[in-house]
Novice: 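Handing you a structure now.
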Amino acid sequence: MARYTTLRLGGAARRLETATSAEQIVQKVQEAQGRDEPVLVLAGGSNVVIGDQGFPGSVVLVRSRGFRVVAEDADTVTVRVEAGEPWDDLVAATVANGWSGLECLSGIPGSAGATPIQNVGAYGQEVAETITGVQVYDRTAGSVGRIAAADCGFAYRGSIFKYSDRWVVLSVDFRLIRSPLSTPVRYAELARALDVEVGGRVPLADARATVLRLRAGKGMVLDAADPDTWSVGSFFTNPVLEREAYELLRERAADLGEPPAWPGAGDVVKVSAAWLIDKAGFAKGHPGPEGVAISTKHTLALTNHRGTASTAALVALAREIRDGVHDRFGVTLHPEPVLINCVI
Ligand SMILES: Cc1cc2nc3c(=O)[nH]c(=O)nc-3n(C[C@H](O)[C@H](O)[C@H](O)COP(=O)(O)OP(=O)(O)OC[C@H]3O[C@@H](n4cnc5c(N)ncnc54)[C@H](O)[C@@H]3O)c2cc1C
């Protein structure tokens, strides 16, 4: 499976199927179920860590393409996007058409159909803000249906779909605003780079170009020539701490200054995982076994930068970091990608 993942890791699958339409996706999944085999639905392979033993069943590669307008009025347009549509092609098209709402999510690898899985987000936007519904194949009921956004359980890097075998996403509806300008820029670093106040708006193409530039500088745009991008992006989510745990962290980090943090929903605080990792002694470029390493451009990305490592080596590096952060700060980091036949 290494050929199908951005980490270039993962042993063999028993069977590999390619589906180029929603009907084929359903058919291939049903056939595998009929054979009593486990099924892995895989698209861009940019958010999975597959074990060295591979996958003991059918991998269905989602390769459906395209999008169309399914509703519109004077102010908005709703596009239905096939699951396999490359995400950044969609974002580029929405920017070109003057549809606002996805521009800050430029440059994220993978497919449109995977974006609801972990409520993909970056630079102050997340797909939960624009998704109105998701067309799914329900493997439990054996039927195709639609789940409204309110029932998707969207949360920070999560939804009802993540770590669930039940739902296969066939297409996703996004409701976008007709506007030549971006949504208000919420992310301070992006606002600075665009030379606007937080809350300001900029032409869609400027938002896209600046996000792409910032991301490339961090190794967060896939580039076959840049091994710092042979990763799953951020390997750990930012820990969300109850107030008490946050105060404990502040005490333990008193000699290091204030840990970067953002208020979450309710009385919780989201803390920068990159800061915790760095301050626990794992700098950019920190090596692990077999040539895996922390990216030289971003503390949160773990890379297989020679392209020759095993999943076991990557997992060993991830454990070393998680345990080091826990020993130093008492905070447990959780992986962002979906782990398949491997554990951390
Ligand atoms: C360089 C880099 C930068 C990244 N930056 C970001 C970022 O800024 N923000 C962010 O949120 N993520 C980021 N990611 C992670 C990743 O790109 C996203 O999570 C993306 O949405 C994954 O899409 P994919 O098609 O590659 O999914 P895959 O890796 O193929 O699959 C991921 C999971 O979704 C499931 N899945 C995929 N398609 C379907 C479907 N149609 N139906 C049901 N289940 C499905 C898979 O079974 C698996 O569990 C980054 C990754 C890389 C490599």
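The figures that follow rest on heavy atoms only: side chains count, while hydrogens, waters and symmetry mates do not. Ligands are counted one by one from 1 in listed order, and the atoms in each one are counted from 1 as well.
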Novice: Out of all atoms in ligand 1, which are within 4.0 Å of some heavy atom of Val168? Include the element for each.
Specialist: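 By the 4.0 Å cutoff, the relevant atoms are 42 (N), 43 (C).
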Novice: Below 4.0 angstrom from a heavy atom of Trp167, which ligand 1 atoms are there? Numbered from 1 as shown, please.
Specialist: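 It comes down to these atoms of ligand 1: 43 (C).
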Novice: If the plane angle is over 60° it's perpendicular, under 30° parallel, otherwise tilted; pick one for Phe329 and Trp275.
Specialist: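 Judged by the thresholds at 30° and 60°, the geometry between Phe329 and Trp275 is tilted.
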Novice: Within the 4.5 Å heavy-atom criterion, are Trp87 and Pro109 side-chain neighbours or not?
Specialist: no
Novice: Using a strict threshold of under 4.0 Å (side-chain N to carboxylate O), is an ion pair present between Glu189 and Lys218?
Specialist: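 Yes, this pair counts.
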Novice: Tell me which protein heavy atom sits closest to atom 33 (C) of ligand 1, plus the residue, atom name and distance to 0.1 Å.
Specialist: Val338 CG2, 4.1 Å
Novice: Under 3.5 Å, is there a donor-acceptor pair linking the side chains of Thr76 and Arg178?
Specialist: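 No, because no side-chain N or O of Thr76 sits under 3.5 Å from a partner of the opposite role on Arg178.
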Novice: Does a donor on one side chain sit under 3.5 Å from an acceptor on the other, for Ser58 and Glu37?
Specialist: yes
Novice: Can you tell me which residue and heavy atom of the protein come closest to atom 28 (P) of ligand 1, and the distance to 0.1 Å?
Specialist: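 The protein heavy atom lying closest is Gly45 N, 3.5 Å.
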Novice: Which residue holds the protein heavy atom closest to atom 23 (O) of ligand 1, what is that atom called, and what is the gap in Å?
Specialist: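 For atom 23 (O) of ligand 1, the nearest protein heavy atom comes out as Ala114 CB, 3.2 Å.
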Novice: Tell me which one of Ala22, Gly84, Ser111 gets a heavy atom nearest to atom 25 (O) of ligand 1.
Specialist: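 It is Ser111 that holds the nearest heavy atom.
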Novice: Considering distance alone, does some N or O of Gly121 sit under 3.5 Å from an N or O of ligand 1?
Specialist: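 Gly121 vs ligand 1: N/O contact under 3.5 Å present.
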Novice: Heavy atom to atom 20 (C) of ligand 1, shortest distance: which of Pro109, Pro86, Gly107, Ser64 holds it?
Specialist: Pro109
Novice: Is the number of heavy atoms from other residues, nucleotides or ligands within 6.0 Å of CD (Glu197) greater than 12?
Specialist: no
Novice: Under 4.0 Å, heavy-atom basis, I'd like to know which part of Thr6 is in contact with ligand 1: side chain, backbone, both or neither.
Specialist: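 The side chain, only.
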Novice: Answer yes or no: is there a side-chain heavy-atom contact under 4.5 Å between Arg139 and Val29?
Specialist: yes
Novice: Any idea which of Asp165, Asp88, Val232, Leu339 brings a heavy atom closest to atom 51 (C) of ligand 1?
Specialist: Val232
Novice: With heavy atoms of Gly233 as the reference, note each atom of ligand 1 found under 4.0 Å away.
Specialist: 2 (C), 3 (C), 4 (C), 50 (C), 51 (C), 52 (C), 53 (C)
Novice: For ligand 1, which atoms have a heavy atom of Met220 less than 4.0 angstrom away?
Specialist: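 Near Met220, meaning under 4.0 Å from one of its heavy atoms, ligand 1 has 1 (C), 3 (C).
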Novice: Give the numbers and elements of all ligand 1 atoms closer than 4.0 Å to a heavy atom of Gly110.
Specialist: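 Near Gly110, the atoms of ligand 1 are 23 (O), 24 (P), 25 (O), 26 (O).
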Novice: Can you spot which of Val59, Thr5, Leu339, Asn341 makes a side chain to side chain contact (heavy atoms under 4.5 Å, CB included) with Ile50?
Specialist: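 That would be Thr5; it is the only one of Val59, Thr5, Leu339, Asn341 passing the side chain to side chain contact (heavy atoms under 4.5 Å, CB included) with Ile50.
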Novice: Do Leu314 and Leu302 touch side chain to side chain, with heavy atoms closer than 4.5 Å?
Specialist: yes
Novice: Evaluating non-hydrogen atoms only, which member of Lys162, Glu336, Arg215 is closest to atom 6 (C) of ligand 1?
Specialist: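 Nearest heavy atom to atom 6 (C) of ligand 1 lies in Arg215.
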Novice: Ligand 1 versus Val120, non-hydrogen atoms closer than 4.0 Å: side chain, backbone, both, neither?
Specialist: both
Novice: Looking only at side chains, do Thr229 and Asp223 share a donor and an acceptor under 3.5 Å apart?
Specialist: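 No, no side-chain donor-acceptor contact under 3.5 Å.
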Novice: I want to confirm something. Looking only at heavy atoms, which of Ile50, Val169, Ile117, Thr303 is nearest to atom 44 (N) of ligand 1?
Specialist: Ile117
Novice: Closer than 4.0 angstrom, basic N to acidic O: yes or no for Asp88 and Arg208?
Specialist: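 So Asp88 pairs with Arg208 through a salt bridge.
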Novice: Examine Gln118 against ligand 1 and note whether any of their N/O atoms are separated by less than 3.5 Å.
Specialist: yes
Novice: At less than 4.0 angstrom from any non-hydrogen atom of Ser231, what atoms of ligand 1 do you find?
Specialist: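 Near Ser231, meaning under 4.0 Å from one of its heavy atoms, ligand 1 has 53 (C).
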Novice: If we only count N/O pairs under 3.5 Å, is Ser46 in contact with ligand 1?
Specialist: yes
Novice: Distance alone, cut at 3.5 Å: any donor-acceptor contact between the side chains of Asp52 and Thr311?
Specialist: yes
Novice: Side chain or backbone, does Gly219 bring an N or O within less than 3.5 Å of an N or O on ligand 1?
Specialist: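 No: no nitrogen or oxygen of Gly219 is under 3.5 Å from one in ligand 1.
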Novice: Classify the contact between Asn47 and ligand 1 as side chain, backbone, both or neither, using a heavy-atom distance cut-off of under 4.0 Å.
Specialist: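 Within the 4.0 Å criterion, Asn47 contacts ligand 1 through backbone and side-chain atoms alike.
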Novice: Numbering the atoms of ligand 1 from 1, which are under 4.0 Å from a heavy atom of Gly44?
Specialist: 24 (P), 25 (O), 26 (O), 30 (O)
Novice: With no hydrogens and no angle check, do the side chains of Gln125 and Glu103 hold a donor and an acceptor under 3.5 Å apart?
Specialist: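 Yes.
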Novice: Among all the protein's non-hydrogen atoms, which is closest to atom 31 (O) of ligand 1, and how far away is it?
Specialist: Val48 CG1, 3.9 Å
Novice: Report the C-alpha separation of Arg157 and Glu336 in whole Å, then their side-chain angles, then the decisive distance to 0.1 Å, and conclude whether the salt bridge (charged side-chain N to carboxylate O under 4.0 Å, His left out) test is met.
Specialist: CA-CA 7 Å; Arg157 291 304 87 79; Glu336 181 179 304; 5.0 Å; no
Novice: Answer with side chain, backbone, both or neither: which part of Thr5 has a heavy atom less than 4.0 angstrom from an atom of ligand 1?
Specialist: neither
Novice: Within ligand 1, which atoms have a heavy atom of Ile108 less than 4.0 Å away?
Specialist: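 Contacts of ligand 1 toward Ile108, numbered from 1: 6 (C), 7 (C), 8 (O), 9 (N), 13 (C), 17 (O).
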Novice: Are any side-chain N or O atoms of Glu290 and backbone N or O atoms of Ser310, one a donor and one an acceptor, separated by less than 3.5 Å?
Specialist: yes
Novice: Starting from atom 46 (C) of ligand 1, which protein heavy atom do you reach first, and at what distance in Å?
Specialist: Val41 O, 3.1 Å
